[in-house]
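Throughout, a chain's letter reflects where its sequence line sits, starting with A, and its residues are numbered from 1.
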Protein chains: 4
Amino acid sequence: MPPTRRRGPDLTEAIMRTTVELGQELGYARLSIEAIAARAGVGKHTVYRRWPSKGALLLDSLLSVNGAALDYPDTGDVLADLRTQIHAIVELLGRAPLDSLFRAMIGEAQHDTGVAAALNERFIAPQARKTVVRLEKAREQGQLSPDFDLDLAMTILSGPLYFRLLITQEPLTPAYVDRVLKALFTGMRPRP
Amino acid sequence: MPPTRRRGPDLTEAIMRTTVELGQELGYARLSIEAIAARAGVGKHTVYRRWPSKGALLLDSLLSVNGAALDYPDTGDVLADLRTQIHAIVELLGRAPLDSLFRAMIGEAQHDTGVAAALNERFIAPQARKTVVRLEKAREQGQLSPDFDLDLAMTILSGPLYFRLLITQEPLTPAYVDRVLKALFTGMRPRP
Amino acid sequence: MPPTRRRGPDLTEAIMRTTVELGQELGYARLSIEAIAARAGVGKHTVYRRWPSKGALLLDSLLSVNGAALDYPDTGDVLADLRTQIHAIVELLGRAPLDSLFRAMIGEAQHDTGVAAALNERFIAPQARKTVVRLEKAREQGQLSPDFDLDLAMTILSGPLYFRLLITQEPLTPAYVDRVLKALFTGMRPRP
Amino acid sequence: MPPTRRRGPDLTEAIMRTTVELGQELGYARLSIEAIAARAGVGKHTVYRRWPSKGALLLDSLLSVNGAALDYPDTGDVLADLRTQIHAIVELLGRAPLDSLFRAMIGEAQHDTGVAAALNERFIAPQARKTVVRLEKAREQGQLSPDFDLDLAMTILSGPLYFRLLITQEPLTPAYVDRVLKALFTGMRPRP
DNA sequence: TAGTAATCGAGACGGTACGTCAAGTCTTGTC
DNA sequence: GACAAGACTTGACGTACCGTCTCGATTACTA
């Protein structure tokens, strides 16, 4: 007798794990719901009941399997804290073996409204919010010029990173991150 | 009697026009080489002889149909010239009806190496080069701090733009562009 | 509050009624146990507990909803009685709206042994028996040649009817029935 | 190098052979276009391009693989010729291994208009016509009563046969055929 | 000017996956 | 314990495109 039939949350978990696993083996283009279901030992319907598309499934899988924490440290030194945090993100999005899946998922967001929305709500926006909150605290402590636009700062921090990741597709080195950080802080520091 | 059978360059042109046209009607996801060939009144072979994939065809089509010019003006005022140029790019990538196809094509580059390479070589790198060249000229004329990293400047200029375009997918307003420009120049200007 | 939950025989009845009803709406091919259960407001289990297959359910439903009577009259005139009886059968099997379901059920019997057996035991054989009994009585009364094979007579009476119903699928007109009857009686009458 | 790719008629033939073969192995209910295509080494589309449904395919397959001849002999003796012909039909429809497929196909005709029409046009009607033609000749030669309805005779000949085949599903013995024939001829013979 | 090679349209072909449907089994919680 | 509800695996459905491959026209170049 096989173990009692699996249900609900167990299955959801198992399918997401399989998705990431198989995605790494095959690459996004050759990844199919058909294959995921087969590998997970699950009917296709069981997948479709939970996710409307390959993109949505991959998004969920990546975030749930890995996107857990990424919370800002607060050591009192903004620059150091930002660097720590960005390095963590780079580690997640820009390093093998998950980088290509993350890139593919963002690619999917370009022609799948649902994926785009979920990506923003569940990953991008929260990260952005944390960054801004950390910057606000620094400003209150006089570490930043009081009239600098912090939303813009967040954008200038993130933009170049994603530019490298998605557009030029050069490796995201710590050095690059540091150069961006330094340039930004030069502009943000309170003038004497 | 049908018009004499078309060949070579004519066909290439016609197929690319059809691609953009049909891409706008159907969206990238539902666009297929099958449909393009049918609409263009062309055998599938004729398409495959010219392009290896849907992504490559779309890239070619978008760049050939539209990406022609985008050359930097030189009025002597760097800031104004950059603004002009960036507005032109935003107009191209961020405005209906082509924005969604451009976004889809960049999305495709995330899991198609060939598209990624071509996108860089034929669009991104040339633009970047032009930007850097224009900045260099400005620096020679003392408009910029002599120790600022111009490659980095280019990245900080482009990054937030693509971040908005691809990640948060908010509209690319002139105001946003100007805020980025202003922040960057605050950091780049020679200190008194 | 819904009416108190139904049980046993009530349910059996309700399911069979729904089957015939839905069968008429959708046709046999698109009829499904899934849909019947849903329409009857019943769990699938409750259906499967009672019938092993769609065919078996339909057979039961048709016979129970309608196949009740069909008993031979006995007016003393064999020919008239046979005609009456056959017309009743034709009315049942060959007229809208149940004809197509009856035909489909007989069709099902062609690849479902259980349906075939049940169809014979519960409908065909009893009818045949009644016919033969009526003929025997007529023979005893000297209305038929004493050496005619009455089983064969029954077959010659039924066969052409089902041939029209199932094979040529032309309408079963009273005229046709009468022609068969007349021809048969010409052969069955005692020779002078 | 594999042999040059198969086309058109070759494939049609191969698919029909596979259909009959697989139909015998699995039975009609478990026969699927999916399996046929796989076994024949053919894409599903290649099957659907040729036939609209499993029933239509099976009909074609059975008739093409086997239903070739079945032409009436003419020895001058009507009764003998009819017997010969009917025995041939019984051999085809009523004997393993094809009987169950033939029955299933006729079953399918009960809820598939297309199959019903094709079955009639391509098998039933031609056979009926041949029978009537043979009977007409016999009547011209004075072997039959001049006022007997020959269409009806055909029906009385065929009906009982299909009745046994489809309804009671008893074996179609030569003895049964002969009893029907004898009864019919008793009615058809010219009275002295 | 004829012959030959390339190019074309059309679309058949073997595949792969799609997203849907229903089958029949099993689980959960309610009555 | 019977029930409604519905999750689950399985398997097939019929469709859409993929990229490759004939097949005969044209069409252009070569001899």
Side-chain angles (χ1 to χ4, degrees), chain A residues 1-2 4-12 29-38 40-54, chain B residues 1-8 10-11 29-38 40-54, chain C residues 1-8 10-11 29-38 40-54, chain D residues 2 4-8 10-12 29-38 40-54:
Chain A
M1 184 192 318
T4 174
R5 184 180 283 205
R6 301 159 307 162
R7 314 249 327 191
D10 294 6
L11 276 181
T12 305
R30 280 178 302 172
L31 185 65
S32 69
I33 290 187
E34 195 109 26
I36 292 167
V42 139
K44 283 201 283 179
H45 205 52
T46 303
V47 177
Y48 281 110
R49 193 176 298 126
R50 290 166 165 75
W51 297 276
S53 66
K54 183 171 77 158
Chain B
M1 182 191 317
T4 172
R5 185 177 282 201
R6 301 154 308 162
R7 306 196 48 141
D10 293 8
L11 275 181
R30 281 179 302 172
L31 185 65
S32 69
I33 291 188
E34 196 107 24
I36 292 167
V42 140
K44 286 203 284 178
H45 219 56
T46 306
V47 177
Y48 280 110
R49 194 176 300 131
R50 290 166 166 76
W51 295 277
S53 68
K54 183 170 78 158
Chain C
M1 181 193 320
T4 174
R5 188 177 284 202
R6 302 153 308 160
R7 315 216 13 163
D10 292 9
L11 275 181
R30 282 179 302 174
L31 186 65
S32 68
I33 290 188
E34 196 107 25
I36 292 167
V42 141
K44 287 202 285 177
H45 219 57
T46 306
V47 177
Y48 281 109
R49 207 193 319 275
R50 290 166 165 78
W51 296 276
S53 67
K54 182 169 78 159
Chain D
T4 174
R5 186 179 279 206
R6 301 158 308 160
R7 313 242 339 183
D10 293 8
L11 276 180
T12 304
R30 278 179 303 172
L31 185 64
S32 70
I33 291 189
E34 195 110 25
I36 292 168
V42 140
K44 283 203 282 178
H45 203 52
T46 303
V47 177
Y48 281 110
R49 206 194 319 273
R50 290 166 166 75
W51 297 277
S53 67
K54 183 169 77 159

Subject >> Nearest-0.5 Å distance that lies between atom CG in C:L11 and atom OG1 in C:T46 >> reply: 6.5 Å
Original post:
Considering residues at least two apart in sequence or located in another chain, which fulfil the side-chain contact (heavy atoms from CB on, under 4.5 Å) criterion with C:R30?
Top reply: C:L26
Original post:
Who pairs with C:A29 by side-chain contact (heavy atoms from CB on, under 4.5 Å), at least two apart in sequence or on another chain?
Top reply: D:H111
Original post:
So, is A:T46 close to the F:dA7 phosphate, meaning a side-chain N or O under 4.0 Å from OP1 or OP2?
Top reply: no
**OP:** List the atom of C:S53, the atom of C:I33, and the distance in Å for their closest heavy-atom pair.
**Re:** C-CD1, 4.2 Å
**OP:** Return the value, rounded to whole Å, for the distance between atom CG of C:D10 and atom P of F:dA2.
**Re:** 16 Å
Original post:
The side chain of D:L11 lies closest to which of these nucleotides: F:dA4, E:dG9, E:dG14?
Top reply: E:dG14
Original post:
What string of B, S and - do you get for nucleotides 11-18 of chain F, 5' to 3', when a contact is any protein heavy atom under 4.0 Å?
Top reply: -BBBB-BB
Original post:
side-chain contact (heavy atoms from CB on, under 4.5 Å) with A:A35: which residues, sequence neighbours excluded?
Top reply: A:L22, A:S32
Subject >> salt bridge (charged side-chain N to carboxylate O under 4.0 Å, His left out) partners of B:K54, counting only residues at least two apart >> reply: none
Subject >> Rounded distance in Å - CZ (B:R50) to C1' (E:dA6) >> reply: 12 Å
**OP:** Check whether any side-chain nitrogen or oxygen of B:R49 sits under 4.0 Å from OP1 or OP2 of E:dT7, and answer yes or no.
**Re:** no
